[in-house]
Amino acid sequence: MRELPKQYDPKQVEGKIYQQWLDGNYFHAERDPEKKPFTIVIPPPNVTGQLHLGHAVDETIQDVLIRYKRMKGYAALWVPGYDHAGIATQIKVEENLRVNEGLTRFDLGREKFLDRVWDWKNKYGDRIVTQLKTLGSSCDWERQRFTMDEGCSKAVREVFCSLYEKGLIYKGKRIINWCPHCTTALSDAEVEYEEKPGRLWHLRYPLADGSGEVVVATTRPETMLGDTGVAVNPEDSRYKDIVGKTCILPLVGREIPIVADEYVDMEFGTGCVKMTPCHDPNDFEVGLRHDLEQILVIDDNGRIINGGKYDGLDRYEARKVILKDLDDQGYLVKVEEHVHNVGTCYRCHSDVEPLASDQWFVKMEPLAKEAIRVVEDGTIRFVPDRFAKTYLNWMHNVRDWCISRQLWWGHQIPAWYCADCGHVTVSRTDACRCEKCGSEHITRDPDVLDTWFSSALWPFSTLGWPEKTPDLEYFYPTDVLVTGYDIIFFWVARMIFSGMEHMKKEPFKTVLIHGLIRDPHGKKMSKSAGNGVDPIEMIDKYGADALRFNLITGNSPGNDMRFYEERCEAMRNFANKLWNAARYVMMNLTVEKNALPAELKLEDKWILSKLQSLIAEVNENFDKYELGLAATKIYDFIWDSFCDWYIEITKPRLREGDQSAQQVLLYVLTDILRLLHPFMPFITEEIYGAIPHEAQALIIDRYPEFDEALAFAKEEADFESVMEAVKAVRSRRAEMNVPPSKRPHITLVTEKPDVFRAGTVYMANLAYAGGVNVTGEAPADTAGMVNVVTGDAKIYMPMAELVDLDKERARIEKELEKAKKDIGNQQKKLANESFVSRAPERVVAAERDKLAKARALAANLEESLKNLG
RNA sequence: GGAGGCUUAGCUCAGCAGGUUAGAGCGCAUGCUUCACACGCAUGAGGUCGCGCGUUCGAGUCGCGCAGUCUCCACCA
């Protein structure tokens, strides 16, 4: 037998074990007609990113599920992969370029710049892979994918062309969200709204005929340069007369029409709204209805254009200047404080500028139909299901998806514009002439696609689509998608409609949603706040198993969780506990095979029976995705039932060399390792390798199933009677400060002598008894005896000299009072006719039992009190 | 303006197909160098399960209302 250190050291074990798994090729999933497939595709992390706690939870959950299913005999495939993360990566490389070389991407040009990004990707692309491995992730590394690898790029191209051909992708001039810092368009989902204090400026626009003026209210006075009309509500009697007239735009001098449109809310502001079609989505629509001119006054960098003397000013600088000019010239009527929501870029948090721009869009309405159906009819299930509502609400109101980005890093749009005839050629292969007029004067659209466009195809592009691969055939649709609620719109929703459109089949059956990890104060972890915790550091300190267990327990699906380092410590302690339990079992092991003995003692049946309940519950919890619950139950079983009771109880047997005890210990320990393995893969595998075992490795051993033959309800209850007696004696001794060395001979009076005779050895060891006499009758002379009672037993210990009679009396009286209260409650319940007739029989029976027990206890207590005198 | 979450021990959180004595970790108190483990063992203190009403024989658990708190979606300039 191997000498094992007293303290478990994850560092000595984790790397070695992970290598063993790799060597055994256990992560690799083969198509196997004998097995059912179980597939998870990883939410692809940013290829140049670093593992944070958010990933750590996400990956841990997936790994737990995959390991469980693998042990259950499925062909369990976990596809790993990475996202090119368009904006994020490009910004990082640009920043790097600026700081180190003082260059912009335009200085380098597209091709050279892209080389730099690929260099960057190759340099940092391994980091996250290594980190995932450190966590214990059992991904099939042979199938590693990247959103910009050849296959995924092909899938993107195919999808773009096919949607274009179906008329589901179009190019058009719309108001889009523009980030002046990232200088690209964003989709609606990429805009985050923040409430910011602002102002409402009331401006005077004189009527052109000199007959008066209108006063408009605006939060963005600088956009007045682009005003091409004023709108009022058609029902508004105040303004009936001026509809159709024109007014003069201050500072600019343009004559603009006053139109009537229902969009205007009569209650708000003055009831007159300035119309800036190029910089407000609503104004854009109104403008289309009334044929208003479109004048763009803010450029890609957020600076004024087409604004005369204000040209070149930053939009917020321009605001100040314009307001001053308006005020100086008497156009500023009043200013009000006004809190409003400002859209910001989800990457850089600059204020987003709505502006009219020519962009590519995915037409959502037809795609949303199926995406709604499959969630409504339960084909795809959200866990917890409340997120289905969030999803459906979004999908029902979804607007067309702006997919073009003014970036270089990403999938370039496969569209070519003809300089001669203006035709747009969209092609699966790179075009060299216009498909309509044959001209070679064509140029490719410089823009790339939204990063999420390629991630939307992830569940099938990673399995080989658009080719009809055997993998795709076998492993698609995938089973579970695990992700945080924050990317339901970005990603989950888009995978669903993409899967339905291109595969005609849902991409996954279940969406398992988890919450965000927050710091101990409940704040979001972020780099800028400096409150982020590095999972790798935690693994370094406490081990991957401890981190995993921390992340899995103590929270429930969909809810946020605060991260406490102390919990990692607690979980490390748990790992150590298991380690020592195993060490102890091994130290005493002489049997070489894991098999149960022919004869089982009471305590053996008890632990085996408890184990069966655990197995049944854990399997059930897994089926319901209640991983935290399952993990907690395993923890409790190991620490309480196995270590604190069963190991303690069997110590004397082991000392006597009783092999049956060894066998049961080994049997239970092995099942424990199996049950725990998905959660704590490293330590369980390490221990498994050190004890007699059948499978080549624990990772491919079977997961325990409930075994009826090992469920012993009666023995379980009997043994718990004994446990109760042991606890009662311990409790008494602790109260009286009796040192463990003092071991009195005790007399136990009971109506179940068989049970307690079988249990004398436990009493001796666990209740520090010098000897135990089990009898049906009370000893003749109880003077000088301390007496402690349970429902099933009266126990006498000759230690009266240690007793403080008053305290003793008070204690018994307190207990008696409680017993009497219980009796009262039970009696009341049972006297209730409707309870007895309506409650299920087992509940009524349980109440009767409780009553009988409480009565017995009360009687025993009363007797004790009498004996005290 | 809509939708949703949360409110249970000093702290952080589990629990609930409605039915034992409401649990855990950490913290706290007392006692233990008991031959696996002090990253431990034993014992204990600590909870009107946010408030109110209702359904039920029976409600932290289901329904409604209220309060506090957080989040998401939409957005009226």
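Protein chains get the first letters and strands the later ones, always in sequence-line order, with residue 1 at the start of each. Here the structure is a predicted model, which is why all the values come from computation and not from measurement.
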A/Ser556, nearest nucleotide to its side chain (from B/G40, B/A14, B/A77)
B/A14
Nearest to the A/Tyr584 side chain among B/A36, B/A14, B/U34, which nucleotide is it?
B/A36
Quick one: closest heavy-atom pair of A/Asn550 and A/Cys568, and the distance?
ND2-SG, 3.2 Å
Which one is paired to B/A67, where only Watson-Crick or G-U wobble pairs with both distances under 3.5 angstrom count?
B/U7
Among B/C6, B/C37, B/A77, find the nucleotide with the atom closest to the side chain of A/Phe268.
B/A77
Distance check, P atoms only: B/G58 and B/U69, in whole angstrom units.
35 Å
Return no unless some side-chain N or O of A/Asn573 is found under 4.0 Å from OP1 or OP2 of B/A38.
no
Closer than 3.5 angstrom, by distance alone: can the side chain of A/Asp658 be matched with the main-chain N or O of A/Leu654 as a donor-acceptor pair?
no
Out of B/A77, B/U43, B/C37, which nucleotide sits closest to the side chain of A/Asn576?
B/C37
What does A/Phe574 touch in the nucleic acid at a heavy-atom separation under 4.0 angstrom: a base, only the sugar-phosphate, or nothing?
nothing
Side-chain N or O of A/Trp394 closer than 4.0 Å to phosphate OP1/OP2 of B/A74
no
Are A/Phe382 and A/Tyr485 close enough that their ring centres sit under 6.0 Å apart?
no
Which of the following nucleotides, B/G25, B/G4, B/A14, is nearest to the side chain of A/Lys389?
B/G4
A/Arg730 has its side chain closest, among B/C16, B/A42, B/U12, to B/A42
Would you indicate which nucleotide in B/C39, B/C41, B/G4 comes nearest to any side-chain atom of A/Arg386?
B/G4
Closest of B/G44, B/G25, B/A74 to the A/Asn341 side chain is B/A74
Proximal nucleotide (of B/G5, B/C72, B/C37) relative to the A/Phe489 side chain:
B/C72
So, is A/Arg562 near the phosphate of B/C13, with a side-chain N or O under 4.0 Å from OP1 or OP2?
yes
Send over the distance from A/Asn550 CG to B/C13 C1', rounded to a whole Å.
11 Å
Considering only B/G25, B/U20, B/G15, which nucleotide approaches the side chain of A/Lys850 most closely?
B/U20
